[in-house]
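Right, one structure below, let's go through it.
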Amino acid sequence: MSAGSLHYREFVQFQLKLCSCLFLVLMAINEYAVRNRMKSVKNIQKITKAMKMVAASKLRAIQTKAENSRGLWQPFTALLGDLPSVEVKKNVVVTISSDKGLCGGINSTAVKTSRGLHKLNFGGPETECKYVILGEKAKAQLIRDSKKDIELSMTELQKNPLNYSQVAMLADDILKNVEYDALRIVYSKFESVVSFIPSVSTVLSPEVVEREAEAGGKLAELDLYEVEGGEAKSEVLQNLTEFQFSCVMFNAVLENACSEQGARMSAMDSSSRNAGEMLDRLTLTYNRFEVNGKRLVYLDNAATSQKPAAVVDALRNYYELYNSNVHRGIHYLSAKATDEYELARQKVSNFINASESREIVFTRNATEAINLVAYSWGLSNLKEGDEVILTIAEHHSAIVPWQFVAQKTGAVLKFVNLGEDEVPDVEKLREMISKRAKLVVVHHVSNVLASVLPIDQVVSWAHDVGAKVLVDACQSVPHMVVDVRSLDADFLVASSHKMCGPTGIGFLYGKSELLSSMPPFLGGGEMIADVYLDHSTYAELPSKFEAGTPAIGEAIGLGTAIDYLSAIGMQKIYEYEVELANYLYDRLSSVPSVRVYGPKPSRSVTRAALCSFNVEGVHPTDIATFLDQQHGVAIRSGHHCAQPLHRYLGVNSSARASLHFYNTKEDVDDFISSLSDTINFFASFK
Amino acid sequence: MATKPTRREVLSLFRSLMRTAREFTDYNIREYTKRRTVDAFRHNRKLSDPAEVAAAFADGKSQLGVAKRQAVVYSLYAPSIKSVMEM
């Protein structure tokens with residue numbers, strides 16, 4: 001019981017503390033809410049676009065009819081005139097409107113005009129004005145304030161296509177039930193798809209016509225007509241005016257229907273455009289992606305890079321449009337997929353300036369590529385006593401496979417330490433390359449030290465003694481121009497996901513005579529020529545090393561990434577990144593108690609755009625966690641797959657900020673200010 | 001009269017509070033715990049008097065106890081529907 005109440009008290013205390021701080025919460029723009037809103041706006045846009053199409057087709061149907069019906073009342077106007085200014089006692093305003101809404105402002109304009117007419121005093125205080133309403137919209141508006149004046153109202157006219165007999169019945173209804181001296185028909189005349197003029201047509205009752213004709217004036221000429229047949233003049237006039245009314249009504253209803261569709265078209269068009277603008281604004285908000293309520297600053301590009309939309313689209317297009325297995329089918333989809341896959345191979349080959357595309361072998365990643373060389377070339381070419389030269393700054397994937405090979409073959413691994421400027425000692429490396437050295441494994445750019453090794457010199461030294469060179473170019477291919485022929489490297493590996501391509505694909509470049517002499521690595525389909533029960537023959541390069549179904553979509557994505565990078569220009573990217581690298585190094589080294597690893601940049605020494613560092617007295621994991629949670633800055637902490645190097649430097653782990661061409665100086669500034677704040681925070685724990 | 005805590009102990013307390021925050025199933029309380037911890041440490045950074053530092057440290061330790069127990073209690077009644085902020 002007591003324990004329970006203790007819990008309850010703490011519970012309440014906790015809740016109170018929660019409430020007191022809750023009002024300090026800053027609601028971050030939740031990407032989920034934005035994504036939902038974007039979906040609903042997109043749906044609305046689809047609906048309005050569809051409504052516009054429907055309105056356009058309906059308009060086309062009625063437009064010819066309306067224009068033809070204009071000819072109906074023109075003779076009447078010639079004969080009986082359209083005289084709105086004649087003074088009458090009983091006015092009836094016939095308002096024509098639509099039943100459905102969303103048609104711009106034409107119904108409101110019609111109602112406004114009707115109300116205006118109603119207010120106008122047609123000669124004398126005994127005049128009265130009544131409404132006859134066609135259409136739901138005008139009825140809804142006028143019933144609010146002029147209920148007593150509404151004589152008659154009809155809705156649902158457009159249920160069936162408009163024709164004369166229907167309108168004639170309506171006109172009959174009106175003429176029978178409403179006493180009138182003048183009928184004023186208010187409708188929207190259809191000028192064009194974007195212009196609708198509210199118009200009034202006046203039809204006078206036969207008595208008024210007679211009166212006017214006798215009085216002289218505009219209708220005086222009516223008397224000149226002789227009336228044939230047995231009917232009296234007044235009867236003829238009555239028939240004529242009734243017919244005039246029905247014709248005018250018919251035309252008015254058709255014109256109004258056209259205007260309705262046209263107005264709906266433009267209304268829907270403008271709302272589609274508004275929805276499009278709203279979507280653009282929302283996309284901008286959505287793309288300024290936020291993490292933990294702060295703008296994301298992504299400084300972990302040495303681990304993996306962000307992908308441009310083109311690459312994601314290429315992947316989606318492959319899976320949606322021409323997903324098929326390569327090299328196996330005859331049909332169109334397979335042919336297209338094969339073409340794209342081989343085109344990607346050609347693009348990679350051009351990107352690193354290989355002599356032919358069959359020197360490019362697609363693998364899962366650079367690690368698998370190095371394992372390929374180790375198991376295929378290493379196991380068959382290394383023997384007891386042979387030396388493999390590496391540096392202690394190599395990535396684990398460049399060390400561990402060779403440890404396997406050394407165990408199996410008895411070869412010896414020799415490591416080059418760092419020199420005084422924290423770069424692998426190039427002179428030492430030269431000395432180590434002796435007659436016994438069969439392979440030199442070097443990185444082009446170090447992912448911890450940011451140093452760049454002189455690969456062309458290393459290769460010439462190695463080739464002098466007949467050794468081969470394997471270059472780990474994972475950190476160099478995405479950031480600078482790499483030319484395998486000018487470097488004269490025997491093997492070169494890189495991974496796609498660090499160069500804005502998808503994960504799951506990497507490649508090995510090998511000189512064709514070298515690759516041809518190597519036995520296969522993985523066995524299976526695709527890499528065989530003929531298979532018998534006890535032995536098989538193998539395919540030509542590069543298929544010999546690509547067993548099974550490859551990562552087709554990913555290869556095509558890599559091709560697109562290469563196009564993207566080439567369009568910008570690797571030289572431009574390199575120059576920009578050198579500038580950024582110097583800026584990052586300067587700013588980082590100016591932060592007190594920060595120790596940056598690697599060489600100092602100078603005229604002769606260029607650094608890559610990354611900095612591994614340690615802060616005195618603060619663990620790198622704490623720094624990375626605090627930066628992520630409080631400032632939205634993403635860096636990496638750990639040994640960066642270079643444990644031997646960290647052991648040499650005397651630390652367990654370090655923090656690393658790495659940049660790519662889409663990072664800006666603003667990102668670096670953000671990072672430095674957040675880092676200073678982090679260091680201050682942890683420094684206060686004295 | 002408690003002695004002034006060492007830097008390691010203070011750091012350890014900070015890390016424990018953040019780790020305990022992770023265990024809350026409720027998004028709001030999780031974020032609150034993290035925020036409150038950082039704010040509290042920031043607020044108390046200037047303290048120099050050992051008695052005050054010791055008092056703040058003891059307070060932090062008791063809050064850690066509260067948070068740990070509450071994490072367990074909350075997990076007993078965790079709602080099955082995730083908060084919209086977590087999607």
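Proteins get letters first, then strands, A, B, ... in listed order; numbering begins at 1 in each.
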**OP:** For L11(B) and F682(A), work out which heavy atoms get closest and say how close.
**Re:** CD1-CD2, 3.6 Å
**OP:** Answer whether the closest heavy-atom distance between the side chains of V38(B) and F681(A) falls below 4.5 Å.
**Re:** yes
Original post:
Is the CG atom of N652(A) crowded by more than 12 outside heavy atoms at less than 6.0 Å?
Top reply: no
Original post:
Would you say R15(B) has more than 12 foreign heavy atoms packed within less than 6.0 Å of its CZ?
Top reply: yes
**OP:** Say whether, by atom type as modelled, one donor and one acceptor occur between the side chain of R45(B) and the main chain of N680(A) under 3.5 angstrom.
**Re:** yes
Subject >> Separation between CE of M18(B) and OG1 of T625(A), rounded to the nearest 0.5 Å >> reply: 8.0 Å
Original post:
Do you know the tightest heavy-atom contact between R42(B) and F626(A)?
Top reply: NH2-CZ, 3.9 Å
Original post:
Quick one: does E31(B)'s side chain get under 4.5 Å of Q629(A)'s, heavy atoms only?
Top reply: no
Subject >> Region of R8(B) in contact with chain A, defined by heavy-atom distances below 4.5 Å >> reply: neither
